[in-house]
Amino acid sequence: MGNLCTCFSPKTPVKTKKPTKRLQGNSQTAPNSSNRWTRVRSTRKDTHDALIHEQALAAAILFRQHQQQNGSDSGSFPFDRSISLRYPNGSGSKKTQLPRSSSSRARSLTDPLLQPHQLVNRDIKLDDLDTNHFVLVHGGGFGAWCWYKTIALLEEGGFKVTAIDLAGSGIHSFDTNGITSLSQYVKPLADFLDKLADGEKTILVGHDFGGACISYAMELFPHKVSKAIYVAAAMLTNGQSTLDMFSQKAGSSELMQQAQTFVYANGNNHPPTAINLDKSLLRDLLFNQSPGKDVALASVSMRPIPFAPVLEKLNLSDSKYGTVRRFYIETSEDNAIPITLQESMINSSPPEKVFRLKGADHSPFFSKPQALHKLLVEILKIPST
């Protein structure tokens, strides 16, 4: 959110090409057909031609049966629509793979299209992990919808995924202007963690202002959080607010200052109730490396950012928050929370390990979904020390 805090349609399936012509059982064709099929055969070759034609017809019938058995009678293989690559049902051959991409842009070398078997190490035994449950927490203005690529990739790898809509975000019906505290804003996440069975743990992933939200939740439920991953997120220290953190780097994002406008639902004589972002500046601010279709999705899905939670100072203790293992993922092309501000937070409260997504904008779940997925799984696999 800058100095305050920033808070499918899937492509048509690739179709296999049908045979351009089916071989006919009769050597004679209609008068209007091509000369290729109306050539007069000599009587000396009648027997030989009939044999060849019979063999060709048999081959055509076998080919047609093969098509039907493999479900390609309609010209395309059946497969689930997803942003990631899948193999056709009933076939494990990589020769028939159907690459799927969420973007029409040329794919960057830093975010290559990966096979399903490359997305997750096949040697991983999910039962041996402390947890395989990722809980994804969006940033200010976003909603659970922003994680759709990450959700698909993780689920394909066999992981359990829950994406939370915080109060007044996504499809949560509460009016953003009525949110007066961080606890109220984070309540959907707190309620979810509270209902988990005893002994069940999660990996919290927070983006943007969602970083402050997962920190708040870690203080409440440290025994239910195995690891915390901050993705271009506000990673605060005890007694610090999100506004305090951004104020340390005043002017670090002039674009954010230009994009944000304050909402005064209680009147101009009272503090702002929410922050809106200028939709005409969203691409440059949050999605400068993201596909156009994802920018379009965000432009019709983003909601105002509640202002009161941005001002609230966190109460983080070593005995609770401090017991959870923390990791940070930097985004190198971020215009909302510049890399210098990310490094400042890391230096103020060093996590266990820092990763960097090259070429990623402020929304790596759009701009670098494959690379982000790899890092999430890599962090998951890091054993206890």
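- Evaluation of the side-chain contact (heavy atoms from CB on, under 4.5 Å) rule for His172 yields Asp165, Ala167, Phe174, Pro188 as partners, not counting sequence neighbours.
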Using the side-chain contact (heavy atoms from CB on, under 4.5 Å) rule, take Leu189 and Val135 through it: C-alpha gap first, then chi angles, then the decisive distance, then the call. CA-CA 9 Å; Leu189 174 60; Val135 177; 4.0 Å; yes
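- Among residue pairs with one or both ends in residues 182-195, those qualifying as side-chain hydrogen bond (donor to acceptor under 3.5 Å, both in side chains) are Thr180-Gln184, Ser181-Ser183, Lys187-Asp191; sequence neighbours excluded.
- In this view, Lys313 and Ser241, Asp244 satisfy the side-chain contact (heavy atoms from CB on, under 4.5 Å) rule, not counting sequence neighbours.
- The distance from the CD1 atom of Ile379 to the CD1 atom of Ile229 is 4.0 Å, given to the nearest 0.5 Å.
- Between the side chains of Thr331 and His362, not a single donor N or O lies within less than 3.5 Å of an accepting N or O.
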Give the intermediate values and the outcome of side-chain contact (heavy atoms from CB on, under 4.5 Å) for residues Phe134 and Thr150. CA-CA 10 Å; Phe134 287 90; Thr150 303; over 6 Å; no
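- Atom CD of Gln289 sits about 14.5 Å away from atom NZ of Lys358, to the nearest 0.5 Å.
- Using a distance-only test at 3.5 Å, with no hydrogens or angles considered, no donor-acceptor pair links the side chain of Ser169 to the main chain of Gly143.
- Judged by distance alone, with hydrogens and angles left aside, the side-chain atoms of Ser349 form no donor-acceptor pair with the main-chain N or O of Ile346 at under 3.5 Å.
- One N or O on the side chain of His138 and one on the backbone of Leu166 form a donor-acceptor pair closer than 3.5 Å.
- Between Leu357 and Pro364, the shortest heavy-atom distance links the atoms CD1-CB, 3.6 Å.
- Among residue pairs with one or both ends in residues 133-146, none qualify as salt bridge (charged side-chain N to carboxylate O under 4.0 Å, His left out); sequence neighbours excluded.
- Here Leu236 contributes atom CG and Glu312 contributes atom CD; the two are 11.0 Å apart, rounded to the nearest 0.5 Å.
- In the hydrophobic cluster analysis, where Ile, Leu, Val, Met, Phe, Trp and Tyr join through side-chain heavy atoms closer than 4.5 angstrom, Phe327 is grouped apart from Ile339.
- The salt bridge (charged side-chain N to carboxylate O under 4.0 Å, His left out) contacts involving residues 210-231 comprise nothing, where partners must be two or more places apart or lie in separate chains.
- Contact check for Tyr230 versus Met345: no side-chain heavy atoms found under the 4.5 Å cut-off.
- Take Tyr328 and apply the ring pair (Phe, Tyr, Trp, His ring centres under 6.0 Å) test, not counting sequence neighbours, and it matches no residue.
- Listed here is the closest heavy atom pair of Leu316 and Asn238: N-OD1, 2.9 Å.
- Nearest heavy atom pair, residue Met256 against residue Ala336, reads CE-CB, 4.1 Å.
- Contact record, Ile151 with Ala163: CD1-CB, 3.8 Å, taken as the closest heavy-atom pair.
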Evaluate Asn315 against Tyr321 for side-chain contact (heavy atoms from CB on, under 4.5 Å), listing each step before the verdict. CA-CA 9 Å; Asn315 181 16; Tyr321 166 83; over 6 Å; no
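- Residues satisfying the side-chain contact (heavy atoms from CB on, under 4.5 Å) test with Pro350, not counting sequence neighbours, are none.
- The CD atom of Gln258 lies 13.0 Å from the OG1 atom of Thr261; values are rounded to the nearest 0.5 Å.
- A search for side-chain hydrogen bond (donor to acceptor under 3.5 Å, both in side chains) contacts involving Asn288 returns nothing, not counting sequence neighbours.
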Contacts table for residues 277-287: side-chain donor-acceptor under 3.5 angstrom, sequence neighbours left out:
from: Asp278; atom 1: OD1; to: Ser280; atom 2: N; distance (Å): 2.9
from: Asp278; atom 1: OD1; to: Ser280; atom 2: OG; distance (Å): 2.7
from: Asp278; atom 1: OD2; to: Ser280; atom 2: OG; distance (Å): 3.2
from: Lys279; atom 1: NZ; to: Ser299; atom 2: O; distance (Å): 2.8

Is there a side-chain contact (heavy atoms from CB on, under 4.5 Å) between Leu380 and Phe159? Walk through the geometry before answering. CA-CA 10 Å; Leu380 169 78; Phe159 300 103; 3.0 Å; yes
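- Connection of Phe209 to Phe262 is established within a shared hydrophobic cluster, with ILVMFWY side chains joined at heavy-atom distances below 4.5 Å, either directly or through further cluster members.
- By the 30° and 60° cut-offs, the orientation of the rings of Tyr148 relative to Phe366 is tilted.
- Every residue meeting the side-chain contact (heavy atoms from CB on, under 4.5 Å) condition with Thr273, not counting sequence neighbours, appears here in chain and number order: Asn177, Val263, Ala265, Asn266.
- Across every non-hydrogen atom of Phe365 and Lys149, the tightest pair is O-CD, 3.3 Å.
- For the pair Ile329/Leu376, a side-chain contact is recorded, criterion being any heavy-atom separation below 4.5 Å from C-beta on.
- How far CG of Leu154 is from CG of Leu136: 6.5 Å, rounded to the nearest 0.5 Å.
- Expressed to the nearest 0.5 Å, how far OG1 of Thr176 lies from CD1 of Ile305 amounts to 9.5 Å.
- For the salt bridge (charged side-chain N to carboxylate O under 4.0 Å, His left out) test, residues two or more places apart in sequence or in another chain that qualify with Glu200 are Lys160.
- Side chain of Arg303 to main chain of Gly170: a donor-acceptor pair is present (N/O by atom type, distance under 3.5 Å, no hydrogens or angles).
- Glu343 is linked by a salt bridge (charged side-chain N to carboxylate O under 4.0 Å, His left out) to Arg356, counting only residues two or more places apart in sequence or in another chain.
- In this structure, Pro309 and Ile179 approach most closely via the heavy-atom pair CG-CG2, 4.0 Å.
- Distance alone, capped at 3.5 Å, places no donor-acceptor pair between the Ser344 side chain and the Thr340 backbone.
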